[in-house]
**Q** 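First the structure, which I've put down as structure tokens, then a few questions once you've had a look.
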Protein chains: 2
Amino acid sequence: MKERDAELIVQSMNRHGLRITEQRRTIARLFANATGFLSAKEVFLGMVDKYNGLSFNTVYRNLKLLEELGVIERFQIEDSIKYRVGCFERNHHHHHLICLTCSRVFPLETCPMDNFQAPDHFQIVKHKFEIYGYCGNCQRRGIGEDAGTMSA
Amino acid sequence: MKERDAELIVQSMNRHGLRITEQRRTIARLFANATGFLSAKEVFLGMVDKYNGLSFNTVYRNLKLLEELGVIERFQIEDSIKYRVGCFERNHHHHHLICLTCSRVFPLETCPMDNFQAPDHFQIVKHKFEIYGYCGNCQRRGIGEDAGTMSA
DNA sequence: TTTATAGTTAGTAATTATTACGATGTGAAA
DNA sequence: TTTCACATCGTAATAATTACTAACTATAAA
């Protein structure tokens, strides 16, 4: 099943004109198998055993490329920058609930822009909407009872 | 008028138990006078003339502190991390329209969470909602007709 | 006003994150 | 299988962030 996801990522790379290298196949597999987010470092560490002498350069370049192509999405999780693969099974625009403990991501059907009336002087290009909290699993484990404060 | 804003920031520091140092007064003045966002570097550059030998350390520590206390807010603008002072005049929770050209910020009255029904298994802690685009001024100047694509 | 002290900053350096670039290697098309 | 534009490596430079100790200072208490 995961292998199928990896293949979808590779196809997406291909469709966008990227060459399919061994390293990129590995990146695809990493993201396909990841339960949550991956940092640049984690991607590097997940590859360096296989390709010793791998340069961070390669990782950064590919992450940036894949993000620009919409294959993966970039998030600022607390203090660090992490990536995760876009949801293939729902190829329409959507948002996420993000668990602060296990980093698991739950897709949302609703988008706040659907019934949002923009001020007429402002031309909207894009928006960001993310909800952070604790998922059912992590609540049951007793983590996350110290809910933080609201922030814009 | 800006001086008044700076004083509000200083008062907020004081209220939170921070000591009022000359450097912090300067940071307050910087944010009060800023039209848009400030990066850590810009804050540093805005201070180093007055305090030569100023360490980046001091800037980073204060930015982090001020953010934790809610005096300033942290944003990821395109590729860089920037800060701006919280809106004092509206001390209730709200969001922003952010101009991609001039970085000006326009407060929004509506919050998508007001009529959002959370899935019952998920305990919401906080959320992020930001709208990016081009403000009236920048549109008139002919910038920003090449609107980008939608992104989550 | 003076003193004590906890919080703050400077100075220095280490660590981490990110980008640059020329030489070499390789996927994919002809 | 040859070709070549694209990728990667190797190395290094640059930028961003954090650590730590000694010196300094805002604040409260004496």
Side-chain angles (χ1 to χ4, degrees), chain A residues 6-7 9-31 37-69 71-72 74-83, chain B residues 6-7 9-31 37-69 71-72 74-83:
Chain A
E7 189 50 37
I9 297 177
V10 170
Q11 280 174 24
S12 182
M13 289 175 177
N14 196 12
R15 209 177 322 124
H16 286 101
L18 294 190
R19 290 196 177 164
I20 308 308
T21 66
E22 262 312 303
Q23 285 91 333
R24 282 180 176 158
R25 282 190 194 280
T26 305
I27 291 181
R29 238 174 276 123
L30 278 175
F31 276 108
F37 294 88
L38 292 175
S39 65
K41 191 183 200 173
E42 286 164 341
V43 173
F44 177 83
L45 291 177
M47 300 177 70
V48 74
D49 287 339
K50 197 164 182 177
Y51 313 96
N52 70 337
L54 175 73
S55 76
F56 247 112
N57 211 341
T58 299
V59 174
Y60 279 117
R61 183 166 18 83
N62 279 311
L63 289 181
K64 181 167 282 191
L65 274 173
L66 293 180
E67 188 209 351
E68 284 169 7
L69 301 183
V71 175
I72 61 176
R74 178 178 142 141
F75 294 79
Q76 171 99 24
I77 305 287
E78 299 302 287
D79 266 351
S80 52
I81 288 172
K82 304 209 168 200
Y83 300 83
Chain B
E7 188 51 36
I9 297 176
V10 170
Q11 281 175 23
S12 181
M13 289 174 177
N14 195 13
R15 209 179 320 124
H16 286 100
L18 295 190
R19 289 194 178 168
I20 308 307
T21 66
E22 261 314 299
Q23 285 90 334
R24 281 179 179 160
R25 283 188 193 281
T26 305
I27 291 180
R29 239 174 275 125
L30 277 176
F31 276 108
F37 294 89
L38 291 175
S39 66
K41 192 183 200 175
E42 286 165 339
V43 172
F44 178 83
L45 290 177
M47 300 176 71
V48 74
D49 287 338
K50 197 166 180 175
Y51 312 96
N52 71 337
L54 174 74
S55 75
F56 247 113
N57 211 340
T58 299
V59 173
Y60 279 116
R61 184 165 16 80
N62 279 310
L63 289 180
K64 182 168 278 189
L65 274 173
L66 293 180
E67 188 206 351
E68 283 169 8
L69 301 184
V71 175
I72 61 177
R74 177 178 142 140
F75 293 78
Q76 173 100 21
I77 306 287
E78 301 302 287
D79 266 350
S80 52
I81 288 172
K82 304 211 167 196
Y83 300 84

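Residue numbers begin at 1 in each chain, while the letters A, B, ... track the order of the sequences.
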**Q** Roughly, in whole Å, what's the span from OH in A:Y51 to C1' in D:dA7?
**A**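 Distance, rounded to whole Å: 13 Å.
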
**Q** Using atom CG of A:N62 as one end and atom C1' of D:dC6 as the other, report the distance to the nearest whole Å.
**A**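 Taking atom C1' of D:dC6 as the reference, CG of A:N62 is at 11 Å.
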
**Q** Within the structure, does a side-chain N or O atom of A:R61 lie under 4.0 Å from either OP1 or OP2 of D:dA7?
**A**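 Indeed not, no polar side-chain atom of A:R61 lies that close.
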
**Q** How far apart are the closest heavy atoms of B:A28 and B:A6, and which atoms are they?
**A**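 Minimum heavy-atom separation between B:A28 and B:A6: CB-O, 3.8 Å.
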
**Q** A side-chain contact here means heavy atoms from C-beta on lying under 4.5 Å apart; do A:K50 and A:M47 qualify?
**A**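 No, their side chains stay 4.5 Å or more apart.
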
**Q** Once the angle between the rings of B:F44 and B:F56 is folded into 0 to 90°, is it parallel (under 30°), tilted (30 to 60°) or perpendicular (over 60°)?
**A**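 Rings of B:F44 and B:F56: parallel, as their planes differ by under 30°.
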
**Q** Determine the minimum heavy-atom distance between A:L30 and A:V43, stating which atoms define it.
**A**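 That would be CD1-O, 3.6 Å.
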
**Q** What are the two closest non-hydrogen atoms of A:S80 and A:K82, and how far apart are they?
**A**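 Closest heavy-atom pair between A:S80 and A:K82: OG-CE, 3.6 Å.
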
**Q** Would you call B:L18 and B:L66 a side-chain contact if the rule is heavy atoms closer than 4.5 Å?
**A**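 Touching, per the 4.5 Å side-chain cut-off.
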
**Q** Does B:Q23 place a side-chain N or O at less than 4.0 Å from the phosphate oxygens OP1/OP2 of D:dT25?
**A**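 Looking at the OP1 and OP2 atoms of D:dT25, neither is under 4.0 Å from any side-chain N or O of B:Q23.
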
**Q** Going 5' to 3' along DNA chain C, which nucleotides are the first and last within contact of chain A (any atom under 4.0 Å from a heavy atom)?
**A**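 Going 5' to 3' along DNA chain C, contacts run C:dA17 to C:dA28.
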
**Q** Using whole Å, report how far CG of A:N57 lies from P of D:dA13.
**A**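 After rounding, the gap between these two atoms is 15 Å.
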
**Q** Between D:dT18 atom C1' and B:L65 atom CG, what is the distance in whole Å?
**A**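 Rounding to the nearest Å, CG of B:L65 and C1' of D:dT18 are 14 Å apart.
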
**Q** Pick the closest DNA chain D nucleotide for B:A40 and for A:F56 by heavy atoms, then say which residue is nearer the 5' end.
**A**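 Here A:F56 is the residue nearer the 5' end.
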
**Q** Just how far, in rounded Å, is C1' of D:dT17 from CZ of B:R74?
**A**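 Rounded to the whole Å, the gap is 11 Å.
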
**Q** Go through the N and O atoms of the side chain of A:R24 and the base of D:dA7, and report whether any donor-acceptor pair is under 3.5 Å.
**A**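 No pair found.
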
**Q** Is B:N14 near enough to D:dA26 that one of its side-chain N or O atoms lies under 4.0 angstrom from OP1 or OP2?
**A**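 Indeed not, no polar side-chain atom of B:N14 lies that close.
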
**Q** Measure across A:V71 and A:S12 and return the closest heavy-atom pair with its distance rounded to 0.1 Å.
**A**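 Minimum heavy-atom contact is CG2-OG, 3.2 Å.
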
**Q** How many angstroms lie between CG in A:N62 and CD in A:Q23, if you round to the nearest 0.5 Å?
**A**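 The CD atom of A:Q23 is 8.0 Å from CG of A:N62, to the nearest 0.5 Å.
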
**Q** Give A:T21 one of three labels, base, sugar-phosphate or nothing, depending on what nucleic acid heavy atoms sit under 4.0 Å from its own.
**A**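 Sugar-phosphate, no base atom in range.
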
**Q** In whole angstrom, give the distance that lies between atom OH of B:Y60 and atom P of D:dC20.
**A**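 Going from OH in B:Y60 over to P in D:dC20 covers 18 Å.
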
**Q** Between A:Y51 and A:T58, does the side chain to side chain donor-acceptor pair (under 3.5 Å) criterion hold? Intermediate values first, please.
**A** CA-CA 11 Å; A:Y51 313 96; A:T58 299; over 6 Å; no

**Q** Starting from the first five and the last five pairs of the helix from C:dT1-D:dA30 to C:dA30-D:dT1, work out the angle between the resulting helix axes, to 10 degrees.
**A**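 The two end axes of the helix from C:dT1-D:dA30 to C:dA30-D:dT1 meet at 40°.
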
**Q** Starting at CE of B:M13 and ending at C1' of D:dA26, how long is that distance when rounded to a whole Å?
**A**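 Atom-to-atom, B:M13 to D:dA26, this comes out as 14 Å.
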
**Q** Of B:G17 and A:I20, whose nearest nucleotide on DNA chain C comes first from the 5' end?
**A**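 By nearest-heavy-atom nucleotide position, the 5'-most residue is B:G17.
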
**Q** Atom CG of B:L45 and atom P of D:dA15: how far apart are they, to the nearest Å?
**A**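 So the two atoms are 12 Å apart, to the nearest Å.
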
**Q** Would you kindly compare B:K41 and B:L18 by the position of their nearest DNA chain D nucleotide and give the one closer to the 5′ end?
**A**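 Its nearest nucleotide lies further toward 5', so the answer is B:K41.
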
**Q** Considering only D:dT17, D:dA5, D:dT8, which nucleotide approaches the side chain of A:T58 most closely?
**A**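 Within the option list, the nearest is D:dT8.
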
**Q** Can you confirm whether A:L65 sits close enough to A:R24 that some side-chain heavy atom of one is under 4.5 Å from a side-chain heavy atom of the other?
**A**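 Yes, their side chains come closer than 4.5 Å.
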
